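A, B, ... follow the sequence lines: proteins, then strands. Residue 1 opens every chain. Keep in mind the model is a prediction, meaning the values are calculated, not measured.
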Protein chains: 2
Amino acid sequence: MVDFPAMPTTKDQILDAAEALFADHGIQAVPLRKIISEAGVNSAAIHYHFGSKEALVKAVLARRFDPLNRERLLLLDKLESAVGSGQLVIEDVLYAIVAPALRLGQGTESGVGFRRLVGRIFTEHSGYLESIFKDLFRELEERFDAAFRRALPDLMEKELAWRKYMAVGSMIYILREQESILKMSGGLCDTSNVEEAAARMVQFMAAGLKAPVLRFKN
Amino acid sequence: MVDFPAMPTTKDQILDAAEALFADHGIQAVPLRKIISEAGVNSAAIHYHFGSKEALVKAVLARRFDPLNRERLLLLDKLESAVGSGQLVIEDVLYAIVAPALRLGQGTESGVGFRRLVGRIFTEHSGYLESIFKDLFRELEERFDAAFRRALPDLMEKELAWRKYMAVGSMIYILREQESILKMSGGLCDTSNVEEAAARMVQFMAAGLKAPVLRFKN
DNA sequence: GTCTATAGGGGGATAGAC
DNA sequence: GTCTATCCCCCTATAGAC
């Protein structure tokens, strides 16, 4: 058979099927058998191509998160070089995190799936997922933590930490549950308009991050 | 043997063990065998007392969420009767949702576990969990949706819907991941001080909900 | 590289003695 | 109400023919 570029390889079929199923049901909940039957490949193919379920999971995640996080860092690079030693605008920093994730695979049929995966990975920790997650996000977290600091220089470290996790929480909930939210909201909350969704998310998170400082006794 | 009130029944031992394991690993990920061994009961005890894993899950969740949501609704009742036909304050409404969840089991050893369960239930949907979740939260959601409307009368329906889900997302992420957040933040984000944590969460969510309105083309 | 077949371990659920 | 023993299904992983 001639090597025809558009022909999906067995490996890709497995990755596609696994990605869709992981997004729908969670990573642990999906048996390799289901991936096999969904991908229409042989029952030994996964172990031949990847070696184990853990290695497959790593490959599925890396295929999306590596380019996604590279794009986020590229946007941050641009922001940083644009302001020089000046102050970063928190809305711009948030946009650099949110928009690439919302854009992921827009227009493709499988797009919703791996956008949901982006949110899901933050709340699946058990066993080997923990270390996969850390490897995927270490650089991103360091760079954006520093950017948050620069954009919000007046916040105490503790205050910023609290608000950062709450902002992250709101973002991953929207990404992860986008379909059930679309349904629950009766069609109002639609992430398929990327710029609108990004603007709403950025605005919400920025408002929380910039809220007036509270005083506590401790 | 005399009926001694402090003696935990087999049923309670099962519920306690299941709750802790569900909070740690997720509901689907926990096999009944693990609950059995953790609870130190007989391998047939769960099926004798509950009938199935689904019925056990329902019992575990109802034991905590029924009183929790009753308390939230009681607080909302008080707010509503205090303002009469006037306007509700969004911060008070948010506090009525957040504070009871943070207070759940504070001081007890197993408290962290079922506080995490509160957050976890929002992102485990597969199969029978969906309908259990709806049953547990139907009344709460209706009442608090109406309260949000009353507290934020100037927001368009769509705007309010978006912001509501983002606020919910930030809350459940904090509840659900409280231990990993405590660790990741180097001890800064501690939910054991209930009033401080509640105040921070309320402030963040309220700021996002009250952010200035954006204009969109659609 | 792709197939069938199967090993080997867990999973939920149940029967039936005590 | 509590125990032991076991059924039957599904899981990951591998061996070995083609």
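An end-to-end axis angle of 10° holds for the helix from C/dG1-D/dC18 to C/dC18-D/dG1, taken from five base pairs per end and rounded to 10°.
Separating the CD1 atom of A/I35 from the P atom of D/dA13 is a distance of 11 Å, rounded to the nearest angstrom. As a whole-Å value, the separation of A/L56 CG from D/dC11 P is 15 Å. At whole-Å resolution of the value, CD1 in A/I36 and P in D/dA13 are 10 Å apart. To the nearest angstrom, P of D/dT14 lies 13 Å from CD1 of A/I46. Rounded to an integer number of Å, the gap from A/H49 NE2 to C/dC3 P is 9 Å. Taking atom CG on A/N42 and atom P on C/dC3, their separation rounds to 5 Å, with Å as the unit.
The side-chain hydrogen bond (donor to acceptor under 3.5 Å, both in side chains) check on B/R63 picks up B/D16, with sequence neighbours excluded. Under the salt bridge (Lys or Arg N to Asp or Glu O under 4.0 Å) criterion, A/R70 pairs with no residue at all, not counting sequence neighbours. Partners of A/E177 under the side-chain hydrogen bond (donor to acceptor under 3.5 Å, both in side chains) rule, at least two apart in sequence or in another chain, are A/S180, B/H125. Residues passing the salt bridge (Lys or Arg N to Asp or Glu O under 4.0 Å) test with A/R120, sequence neighbours excluded: A/E124. Taking A/D66 as the reference, nothing meets the salt bridge (Lys or Arg N to Asp or Glu O under 4.0 Å) condition, with sequence neighbours excluded.
Ring to ring, A/F137 and A/F122 are close: their centroids are under 6.0 angstrom apart.
Among residues at least two apart or in separate chains, there is no salt bridge (Lys or Arg N to Asp or Glu O under 4.0 Å) pair with a member in residues 37-50 of chain B.
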- With sugar-phosphate taken as primed atoms, P, OP1 and OP2 and all else as base, the protein-contact string of nucleotides 6-18 of chain C at under 4.0 Å (heavy atoms; B, S, -) is -----BBBBB---
Enumerate, atom names and distances included, each donor-acceptor pair closer than 3.5 Å involving a side-chain atom of residues 21-30 of chain A, sequence neighbours excluded.
from	atom 1	to	atom 2	distance (Å)
A/D24	OD1	A/R116	NH1	2.8
A/D24	OD1	A/R116	NH2	3.0
A/Q28	NE2	A/S126	OG	2.1

